[in-house]
Protein chains: 2
Amino acid sequence: MEAFLEVDPASDFSIDNLPYGVYSSATRGTTRRTACVALGDQVIDLAALQRAGLFSGPLLSKSPDCFQQADLNAFMALGQPAWREARTTLQRLLSSGEGALRDNAALRRDAILPMAEVELHLPMSVGDYTDFYASKHHAHNCGVMFRDAAQALPRNWLHLPIGYHGRASSIVVSGTPVRRPRGQVLSGATDQPVMQPCAAVDFELEMACVMGTGNELGSSLAVDDAGRSIFGLMLMNDWSARDIQKWEMLPLGPFNSKNWATQLSPWIVTLDALEPFRCDAPLQEPGVLPYLQEKDRHGYDIRLTASIVPDGGDETLMAAHHTFGGCNLRPGDVLGSGTASGPGEGQRACLLEKTWGGKEPVRLAGGGGERSYLLDGDEVVFRGWAGGGDGRRRVGFGECRGKLLPSPAI
Amino acid sequence: MEAFLEVDPASDFSIDNLPYGVYSSATRGTTRRTACVALGDQVIDLAALQRAGLFSGPLLSKSPDCFQQADLNAFMALGQPAWREARTTLQRLLSSGEGALRDNAALRRDAILPMAEVELHLPMSVGDYTDFYASKHHAHNCGVMFRDAAQALPRNWLHLPIGYHGRASSIVVSGTPVRRPRGQVLSGATDQPVMQPCAAVDFELEMACVMGTGNELGSSLAVDDAGRSIFGLMLMNDWSARDIQKWEMLPLGPFNSKNWATQLSPWIVTLDALEPFRCDAPLQEPGVLPYLQEKDRHGYDIRLTASIVPDGGDETLMAAHHTFGGCNLRPGDVLGSGTASGPGEGQRACLLEKTWGGKEPVRLAGGGGERSYLLDGDEVVFRGWAGGGDGRRRVGFGECRGKLLPSPAI
Ligand SMILES: [Ca+2]
Ligand SMILES: [Ca+2]
Ligand SMILES: [Mg+2]
Ligand SMILES: [Mg+2]
Ligand code: NI
């Protein structure tokens, strides 16, 4: 299938992708937030298509307001059959063989905008955000640095997805500058706590899983059904303050070291768009308990920039564990994969690991100097994609970009 | 000041209290949720008073819809001057000297309902929920049981308020039954993980602090200003699964052991109502860093049932710490105090401590048998109040009540 709009083959946003977002357009003189999908370097306004009656399938015709909201939560709550109907409808409307949008000049003016001229927002309202710890390599490396080498990998790590509840209010979209936090750290010089700007700002390269439908409190999702509840994936930067984390995290886990910013790419790439890129999830050794055993293959072959390839990335497993005790998930909730480190030194997905706790600085390309941790003004950019150059159209995530501002005055 | 309605002197809800809630009335044939305050055994409908034009002060007259919502978040976002105007207005309208409501029969029928005939809901929409660990006695006792006696109190405990992010979606109101969770625990017999219903369901008696106004991401609240941002307090039961907690909590903190239910009393008692009951907060030894030092006294003399008296209970300190790194708080966010254990054996505020890890069962009064942890069908009831019997009218919280249902089938 070809789009009637021209799409650069190197674009993340082919007609096989159609990721969901929310935009506003200052050039059109409004701050109103509107649902859209990306196609090449254009955004397609879903509210306009819906008002024109073009979502006329059996499911979406019953929800004529689902794209008239400031976020995608209402659409996501409709469930997988409705998501698939929307995808089929959009691929048809945007294809070269269909005239309903292509030949309607007024609707085209309304519904198709250059991406360069719009502002992109968080596509969903996030009720709760959970971060997991799925990479064995990341967990092992952190264990060596925060505890000791002999017991680096916690024993429970092999048996259950370790995770913690994060802070939903401080989730920001790509492009939002983040401010170096202040906090309490243990001074190495005096062995006493001091309050100062964080001296060890780090990023964590992760994939975020966005829940579409949820579950009732006290019920749970079976591991092989959890995939149907997941709407899609995004890139995530779990900004981290390592010195604050080291001092605060025992016994109840990370708190102020993690709650000052978590950044997401603006597009949700649906699992349906990623379906051609399914692959085996890593083998689980020792075998996990039956409630976590999967019949299907739940990994996706996604490339992340700097040649870092995700190691764990198994969102359905995480969703099943999360709800097994009865915790309810809601549309728009975010589950982070945990830092996506691989086994090699070139595959360490945060500076804590890459510089081995700041002791082995990395040299930036292009004369940017050395870094143990980030300096004010540094910008962190993540990219990720599947396909492209292998006979399949590229399905990409766009970018997750954030610039570090100085700490406020003490 | 006397109310024109009769109020039992033993009631938690004197005219000096006027706690905020949200009700619906099946006897009036509607599920619509409406803002109210409690007075004796009646609820006073704030939407009806507002439609009648009775919130005519300079601040609230500019927000004529603030009580026309299904939750109190819009009212709470108006800030302390508006909260004080509402309190003054309501005390005047409900006093024996004022006829505007007393002498208007139609309005009285609309706006005054017996509490026994309404259903009470969570009064606010909770964006994020944080639980602290403010009782030194609780922190020490848990340290002995989850780690070891030699290093029971983590060193950082003395220097900063330790807390973790909880799960907002599973917060339920008093009266909602909660279901025993299932989960992974380490079997004592085989030293291998097994999946089973939790065998150590516990409660934690806590005070919850409800944020009124918030702060912008990247800014922070000064410790002496944080009190102005807090709307009020509630009773909180942090339901806990101790066997799941013990296996999962290292290194990232409690997760499934805590995210299956957190229960709140239906009424928010405002800080203005609690003002006469201010007292000194416990002395901090060693002294804390300047950003956590307070000029004012921030404790409240609140009694909790079973003669358990809160030990830490210093919410302004917690809010200041939470935002110091730049994390934003939003109206309706909940901060839990942590289990409110005192120094004595009779002041241990959860079964983990009371039964010393299940090893010393407690005998229930009235022939209810012994408990190490809770049995299916057990109901946990918390009560709390200030004043009463000391020449000051009682300012109480009502109750936080929850019944434990059996686990779902495995
Ligand atoms: Ca992380
Ligand atoms: Ca607690
Ligand atoms: Mg973060
Ligand atoms: Mg809880
Ligand atoms: Ni949360």
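Bear in mind the structure is a predicted one, so any value in this text is a computation, not a measurement. A, B, ... follow the sequence lines: proteins, then strands. Residue 1 opens every chain.
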Who are the side-chain contact (heavy atoms from CB on, under 4.5 Å) partners of A:Ala200, not counting sequence neighbours? A:Arg242, A:Asp243, A:Tyr373
Using side-chain contact (heavy atoms from CB on, under 4.5 Å) as the criterion, list what pairs up with B:Leu153, not counting sequence neighbours. B:Lys136, B:Ala139, B:His140, B:Trp157, B:Leu158
Contact origin within [X] toward chain A - heavy atom pairs under 4.5 Å:
{"X": "B:Gln245", "result": "neither"}
{"X": "B:Leu186", "result": "side chain"}
{"X": "B:Pro154", "result": "side chain"}
{"X": "B:Val178", "result": "neither"}

Just say parallel, tilted or perpendicular for the rings of B:Phe255 and A:His165, cut-offs at 30° and 60°. tilted
Spacing of B:Asp128 atom CG and A:Asp128 atom CG [to the nearest 0.5 Å]: 7.0 Å
Please round to the nearest 0.5 Å and tell me the distance separating atom CG of A:Asp131 and atom CG of B:Leu252. 8.0 Å
Min side-chain heavy-atom separation B:Arg155-A:Leu250 under 4.5 Å: no
